[in-house]
Amino acid sequence: MKKVLEKMIRLARLKLPEEEMNRLTKKTEHVLEYIERLKELNTDDIEPTSHAIEVVNAFREDAATPFSNPKKIVEIAPKSFENLFEVPRVIDEG
Amino acid sequence: MKVKELSEKLARKEIASVEITESYFKKIEKLNPKLNCYLTLCKESALKTAKESDERRSKGKTLGPLDGIPIALKDIFITEGVKTTCASKILENYNPPYEGTTAAAFKKAGAVLLGKLNMDEFAMGSSNEFSAFGPVKNPWNLDCIPGGSSGGSAAAVAADLCVAATGTDTGGSIRQPAALCNIVGLKPTYGRVTRYGLIAFASSLDQAGPMTKDVTDAALMMNVMAGFDPMDSTSLNVPVPDYTASLTKPINGLKLGIPKEYFIDGIDSEVKQAIEIAAKKYETLGAKVETISLPHTKYAVPAYYIIAPAEASANLARYDGVRFGLRTPKPEDLLDLYEKSRTFGFGPEVTLRIVLGTYVLSTGYYDAYYLKAQKVRTLIKKDFLEALQKVDAILTPTAPTPAFKIGEKTDDPLKMYLSDIFTIPVNLAGLPALSLPCGFSKAGLPIGMQLIGKHLGEEKLFQIGFAYEQATEWHKRRPAL
């Protein structure tokens, strides 16, 4: 299980030290064991419910609406440059 | 102070909004260090709003019953220019660049925002112990939890550190803390109150609602919160009634169903007894009470702990340290930036849910877990809809026990999850449910009952709740602090 969860941690873009990984594995196993209870139920002919209330697609005009203060969006970024979000280099200079 | 009571006093000019707002801040300064309800206070803007309200009133104008009333919002509601943390380190300094619909609606109604309330991080928890900014204490016993995730809201209303508050409820997060703190809490029908401006946890279950000192106040708050919002794709485009109109209707002849599956092992005997006494009270008020069956009840919690973490793992992918929120100081590369920012920013319970969610959605497990849970969700919904053809509302305990001790359940996720055993099924079915005070344990801790109604049946729940409230005194008790 720990191996599988290590993969999940990577997929979820997290990184845990060994001790925390052990604690998390124990807790996850405990919860999954409980979830297994669902196997008792035969659901072969049951339709799945994704939303409790049936809502038909909410269509709207594909029209742009101006945002009051776009500068604010960039300003709250941890690092920005002019009107761009700044991140570490992702491609080599080559 | 209650919304209705204060609104009448303001109308008669017995008191001014500035005066009452100042008195709330004084009380908060005195009691918040004990309770830890508030994460952010908005003193300057609150006094400005209060002054504007008073000036409006002196000219004979008012924006309605909430005008000049000091309220507070759970820190999951987006407020433009007011820090919104969701009780997480990853959003510790997040200052939203836009206003959520609910915050805007309260502004438009003239309400005075005192501040933002503590909660479990990203609304994941049932005790408020998973806040990154320390636990909230239960005003009835400071060694106990107030419930969660809207624990700050429940404690603030119970201790009268605001007139009324808002909460959100994904699996019981309004109703369970309301029950544990002796206040009223409504989880509306899914889609009745907008999700635009709520930080997302599990989008198919999340719903915002009022947390108040009585049913009348909950109705008044719903008059502001409910309604269609084009910014929320699952918002219901259905007219909003005046929720106060149904309150005084008689409940003579109405049928209440008590599900036999809710009286399981592990339910506290004092809670069970309180519900039995409440049922008898309803009979004396002219309602008919009968036993009903919701056969798939025991599968609700396991189904929920697949669906909610799955949706959460997707919703929380946006916290990447790039556009907003916390970023690790010296990342080696982009991947390192993501991993370190997220690992440091999320607390252990949020991490657990992200991992659970990633697992149940991953290749090879999707059908066995996620699809299976969605099918079980159909069965649970069907149970409710069939029962509600026979009865007007379902009466249950809100939580299996009164408030437990701080630290009692933090190491065992299952024990914690089971404190929502009676509230979770309702979210899976998208139904409205009202929690209201119905007794006290021998140790002096509040007990709450839950009324579950049909889709968009909030008015009937208010009617049934109000009748009980008029005939009992529980909701009038206040903690000694």
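Just so it is clear: chains get the letters A, B, ... in the order the sequence lines come, proteins before strands, and each one is counted from 1.
Of the two parts of A/V90, only the side chain, counted from C-beta on, holds a non-hydrogen atom closer than 4.5 Å to a non-hydrogen atom of chain B. Interface remark: B/D336 contributes side-chain atoms only to the contact with chain A (heavy atom separation under 4.5 Å). Proximity to chain B is absent for every atom of A/V74, based on heavy atoms less than 4.5 angstrom apart. Contact annotation for B/L337: only side-chain heavy atoms (C-beta onward) come within less than 4.5 Å of a heavy atom of chain A. For B/N93, no part sits under 4.5 Å from any heavy atom of chain A, backbone or side chain. Proximity to chain A is absent for every atom of B/Y370, based on heavy atoms less than 4.5 angstrom apart. At a 4.5 Å heavy-atom cutoff, the contact between A/F67 and chain B is made by side-chain atoms alone. For B/F344, no part lies near chain A; criterion is any non-hydrogen pair under 4.5 Å. In this structure, chain A has a heavy atom under 4.5 Å from the side chain of B/L335, while its backbone stays farther away. For A/D44, the part sitting under 4.5 Å from any heavy atom of chain B is the backbone (N, CA, C, O) and nothing else. B/E99 does not touch chain A: none of its heavy atoms, backbone or side chain, sits under 4.5 Å away.
With rounding to the nearest 0.5 angstrom, the OH atom of B/Y94 is 4.5 Å from the CD1 atom of A/I76.
A distance-only check finds a donor-acceptor pair linking the side chain of B/R342 to the backbone of A/A12 [under 3.5 Å]. Under a 3.5 Å cut-off, the side chain of B/K381 and the backbone N or O of A/A52 do form a donor-acceptor pair. In this structure, B/T378 contributes its side chain and A/T49 its backbone to a donor-acceptor pair below 3.5 Å.
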